[in-house]
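Numbers restart at 1 for each chain; the letters A, B, ... are given by sequence-line order, proteins then strands. Computed from heavy atoms alone, side chains included, the values below leave out hydrogens, waters and symmetry copies.
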Amino acid sequence: MMALVYEFVWRILHALLHLQRALICWFRIRLWNWRLWKRAVAALLVPVALSFQNHKKLGPSAGKRSLRRVRWGADGKSLEKLPLHVSLLIAEEELHYTDIANLVVWCMAVGISYVSVYDNQGIFRRNNSRLMDEILKQQQDLLGLDSTKYSVEFLNNKNEKQDHQVLSCQAVVKALSPDDGKPSIVKAAQDLCRAVEKKDRSSKDIDIHMLESILRDSTHIPDPDLVLKFGPVESTLGFLPWHIRLTEFISLPSHTDVSYEDFFSALKRYATCEQRQGK
Amino acid sequence: MSWIREGELSLIERLSANILKAGPMPKHVAFIMDGNRRYARKRQVERQEGHTQGFDKLAETLRWCLNLDIREVTVYAFSIENFKRSKEEVDGLMELAKQKFSRLLEEQENLEKHGVCIRVLGDLMLLPLDLQQVIAKAVVSTRKHNKCFLNVCFAYTSRHEITNAVKEMAWGVEEGLIKSSDVSEALLSKCLYSSSSPDPDLLIRTSGEVRLSDFLLWQTSYSCLVFQSVLWPEYSFWNLCEAILQYQLNYLPLQKAKDLHKEQQALQQLEADRRCVAELLMHHGSGNGKPTDAQSRQEHLLSYVAEREERVQGFLGALQHRRDRYFTDLAALTALA
């Protein structure tokens with residue numbers, strides 16, 4: 001009898017929590033829409049106002065792009081510390097390539113050198129070229145034609161260097177999947193054991209630095225300093241277990257329609273984190 | 001201050017516990033008990049006092065876990081990185097640990113009543129010998145208990161643990177117990193210090209830090225992570241309930257992600273086995289180059305899998321034996337002294 005009552009109360013409690021979560025989500029989107037409206041109205045009014053003042057401007061969109069670029073670059077410099085490598089971990093069912101591409105472009109614009117994108121089903125990894133195209137497109141849209149300054153290097157799945165589509169070395173973007181996690185550690189272990197089998201190495205020689213150097217070579221990029229996790233699931237979902245020793249995790253509710261302000265406030269939060277490294 | 005605190009929950013706490021227990025409950029919870037020093041600073045007491053209160057809070061939390069039917073708890077007591085702290089503080093922590101593990105030995109009866117099994121995970125060789133001995137005694141004397149489990153990570157980091165697992169497998173290869181091709185995700189998990197525990201369902205870190213600090217990186221891949229801002233010595237029953245609520249909200253999507261991962265792991269194992277069988281067939285039989293039919297290939301695969309599993313079981317048995325002996329020998333050493 002009591003068990004039934006407890007279960008009933010539990011169900012109500014969880015229904016309320018789900019409702020709360022849904023409401024927060026709804027308000028966020030409403031707020032975002034409202035912000036969009038405000039911007040749209042502003043965008044409509046500003047050119048009219050400008051056209052009265054000076055007629056010899058280049059064209060509003062080009063001017064706006066360079067303005068944005070300068071602002072984002074300055075935002076990056078205003079922070080006390082900037083992560084070298086940011087991972088975007090998507091813990092949501094639905095993936096929106098445009099929103100991801102926006103996030104990647106913002107990362108590049110504030111001056112982050114390495115950006116990786118992860119989902120636990122390996123969807124980004126399988127659709128690497130679609131992601132890449134979308135990023136190039138958003139880069140054009142958001143930053144204008146300045147692609148010499150903001151060029152991207154896409155690291156492909158294979159380890160061979162010639163597979164990389166290298167445009168320049170300003171920012172490296174990589175799609176990661178669960179295969180880069182535990183299976184890559186297992187592969188390193190297998191290689192070491194094979195060397196032991198062939199008597200090339202003794203089990204006593206194996207240490208952290210050896211494993212570390214093998215695993216660093218397999219990803220080509222430094223350990224992530226910051227993981228921006230999008231979605232309601234509170235977990236790393238198999239993301240690079242070896243590499244996240246000192247990584248800070250910051251959660252955002254969703255990557256759908258995520259705004260630059262949300263992104264930048266997460267970076268600000270990261271800048272205030274203090275790492276004591278055991279001390 | 002003892003390890004297991006007697007005492008019951010208040011009426012309202014009991015009521016809430018029962019409501020929570022109507023949903024899916026974590027079976028294994030891991031804690032990063034952060035914030036002892038900040039607590040000491042806040043209260044303007046000695047740093048060591050902060051650590052002592054942190055330990056008392058652990059005893060209290062263990063009781064809450066028992067009341068909530070959580071049978072396994074893993075705590076991060078001391079990281080290898082913590083050796084970098086001032087000598088005074090490290091010595092203080094070692095002394096505290098020695099005192100607490102000795103105390104544990106005096107509480108045999110109580111531990112037996114609750115069936116508490118204590119395991120210590122980490123590279124104990126890095127500790128002073130007297131502490132190693134006390135720890136070994138505590139581990140050996142509670143080894144047979146099987147109602148609840150407390151894993152204390154001491155002189156531990158996850159990278160160290162993973163590297164050690166790789167080393168153990170290389171040892172197995174050296175001894176001819178396994179082949180390098182037997183190395184797999186499942187085998188590596190079985191060579192970690194935590195080999196006898198299931199992966200934690202819930203990981204809680206207090207004091208507002210949002211990183212794992214080299215704790216159970218391998219084991220928490222699909223655990224629910226809850227970061228709470230409260231300092232560890234101020235942790236309350238309600239904080240624990242809040243974390244469990246979070247776990248329950250995440251239960252279904254995490255279960256789905258775990259299943260997907262299990263599927264992929266099985267697929268990888270099957271592929272590896274197929275590769276090994278193909279290689280064996282190339283080397284041995286069918287010199288005439290005739291492709292074997294599907295049925296006999298399946299039979300080869302099955303017998304190969306059985307052989308591999310036998311090898312792996314033999315190796316794991318040897319490994320467990322070696323680890324058990326390490327503790328038994330150390331504990332015996334104290335008996336002599």
Please lay out, stage by stage, how A:Leu237 and B:Leu254 fare under the test side chain to side chain contact (heavy atoms under 4.5 Å, CB included).
-> CA-CA 8 Å; A:Leu237 296 175; B:Leu254 278 178; 4.1 Å; yes
Given that the side chain runs from C-beta out, which part of [X] has a heavy atom under 4.5 Å from chain B: side chain, backbone, both or neither?
X: A:Lys187; answer: neither
X: A:Ser202; answer: both
X: A:Thr247; answer: backbone

I'd like to verify something: which residue of B:Trp218, B:Phe83, B:Tyr222, B:Phe215 has the highest number of heavy-atom pairs under 4.5 Å with chain A?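 Option with the greatest count: B:Trp218.
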*Most heavy-atom pairs under 4.5 angstrom with chain A, which of B:Ser184, B:Ser158, B:Ser79, B:Pro253?*
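The option with the most such pairs is B:Ser184.
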- Are any of the side-chain heavy atoms of B:Gln268 and A:Pro183 separated by less than 4.5 Å? yes
query: Under a 4.5 Å cut-off applied to non-hydrogen side-chain atoms, are B:Thr157 and A:Arg245 in contact?
result: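 Side-chain contact under 4.5 Å: no.
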| So, are A:Asp223 and B:Arg211 salt-bridged, with charged N and O less than 4.0 Å apart? |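 The answer is no: the pair does not qualify as a salt bridge.
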Chain B contacts, top residue of [options] (heavy-atom pairs, under 4.5 Å):
options: A:Lys182, A:Arg21, A:Glu93; result: A:Lys182
options: A:Ile185, A:Leu192, A:Val227; result: A:Ile185
options: A:His14, A:Arg201, A:Glu212; result: A:His14

Side chain to side chain contact (heavy atoms under 4.5 Å, CB included) between A:Leu13 and B:Leu245: does it pass, once the steps are laid out? CA-CA 10 Å; A:Leu13 181 68; B:Leu245 219 51; 3.8 Å; yes
inquiry  = Before you tell me yes or no, could you show the steps for B:Leu249 and A:Glu234 under side chain to side chain contact (heavy atoms under 4.5 Å, CB included), namely the whole-Å CA-CA distance, both residues' side-chain angles and the distance that decides it to 0.1 Å?
reply    = CA-CA 9 Å; B:Leu249 282 172; A:Glu234 300 299 336; over 6 Å; no
Verdict with supporting geometry, B:Phe227 and A:Ile250, side chain to side chain contact (heavy atoms under 4.5 Å, CB included)
CA-CA 10 Å; B:Phe227 299 108; A:Ile250 295 180; over 6 Å; no
